[in-house]
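What you see is a predicted model; the values in this text were computed from it and never measured. Whatever order the structure lists them in is the order used to number ligands and atoms, beginning at 1. Positions are given from 1 along the sequence.
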Amino acid sequence: MPYPLSHIAVFASGTGTTLQTLIDQQTQCGYRIALVVTNRPCPSLQRAEQADIPTLLSTDWTDIDHALQQHHIQLVVLAGFLAIIPEWICTKWDKRIINIHPSLLPKHGGKGMYGIHVQEAVLAAGDTVAGCTVHYVSAAIDGGSIIAQAQVEVLPNDTPESLSARVQQQEKRLLPRTIAEIIQNS
Ligand code: GAR
């Protein structure tokens, strides 16, 4: 391993609460966030800057690919990154990009399924169990192989927001732990 702590990149487009969890747990989980990539101005950028992490705001995948190499990135983590990853990036970084999705895939994945829309779909389907999934990223949206999942009970009075809050708590436990396991096994 070229560095004492594995270099990871986090891609985020939103409020960045998942990114913040990953920042807070980086040393204890055996990784260092060496780059944060966003595709739009968003609070994730400020969180990264406050933690002195290099950032890249770009939608140019050639530039993003170069930055990943420049920062010696070993694993890319999508944490609320709302853009489709082009096929050539999926191929080039095969098994080195993971995503956290707020459902028990293969349920409630695919195009348009992100954020609160996922829990709306869970409630509309009458599911009694919800949850989150960490999976490898492939060209099929939310279709890469599943690495880990955590379940959350759906309560009778749940709203999309209340369910989402409990799922997000589980996401923030599952994701750092899964990254640590991937690093240990690599
Ligand atoms: C997370 O709940 C993540 O699972 C979801 O976006 C949220 C990001 O929140 N990702 C998807 O829906 C991907 N399909 P954050 O910006 O506060 O970290």
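Separating the CD1 atom in Ile98 from the CG atom in Leu75 is a distance of 5.0 Å, to the nearest 0.5 Å. Once rounded to the nearest 0.5 Å, the distance linking SG of Cys29 with CD of Gln184 reads 9.0 Å.
If you chain together hydrophobic residues whose side chains sit under 4.5 Å apart, Leu45 and Ile64 never meet in one group. Leu22 and Ile53 fall within the same hydrophobic cluster, where Ile, Leu, Val, Met, Phe, Trp and Tyr residues are linked whenever their side-chain heavy atoms come under 4.5 Å apart, directly or through other members.
Residue-ligand proximity, Ile100 to ligand 1, at heavy-atom distances under 4.0 Å covers atoms 4 (O), 10 (N). In summary, the atoms of ligand 1 found under 4.0 Å from a heavy atom of Tyr114, numbered by their order in the structure, are 12 (O), 14 (N). Here is the list of ligand 1 atoms found below 4.0 Å of a heavy atom in Met113: 14 (N). Atoms of ligand 1 found under 4.0 Å from any heavy atom of Gly14, numbered from 1 in the order shown, are 16 (O). Residue-ligand proximity, Thr15 to ligand 1, at heavy-atom distances under 4.0 Å covers atoms 15 (P), 16 (O), 17 (O).
Selection from Ser44, Gly80, Ala165 by nearest heavy atom to atom 6 (O) of ligand 1 gives Gly80. When the heavy atoms of Gly112, Gly115, Cys42, Cys132 are ranked by distance to atom 12 (O) of ligand 1, first place goes to Gly115.
Scanning the protein for heavy atoms near atom 3 (C) of ligand 1, the closest one is Glu171 OE1, 3.3 Å. Protein heavy atom closest to atom 18 (O) of ligand 1, with residue, atom name and distance, is Thr18 OG1, 2.6 Å. The shortest contact between atom 5 (C) of ligand 1 and any protein heavy atom is with Pro102 CD, 4.0 Å. Here the protein heavy atom with the shortest distance to atom 14 (N) of ligand 1 is His101 ND1, 3.2 Å.
For Gly16, the closest heavy-atom approach to ligand 1 falls below 4.0 Å.
With hydrogens and angles ignored, the 3.5 Å screen pairs a side-chain donor or acceptor of Arg166 with a backbone N or O of Glu153. At least one donor-acceptor pair under 3.5 Å links the side chain of Thr178 to the backbone N or O of Leu174. A donor-acceptor pair under 3.5 Å links the side-chain atoms of His101 to the main chain of His108, judged by distance alone.
Evaluated for a side-chain hydrogen bond (donor to acceptor under 3.5 Å, both in side chains) with Gln20, the options Arg47, Lys172, Gln25 yield exactly one hit, Arg47.
Counting heavy atoms under 4.0 Å from ligand 1, residue Gln168 touches it through the side chain alone.
Ring geometry for Phe11 against Phe81 counts as perpendicular: the plane angle is over 60°, on a 0 to 90° scale with 30° as the lower cut.
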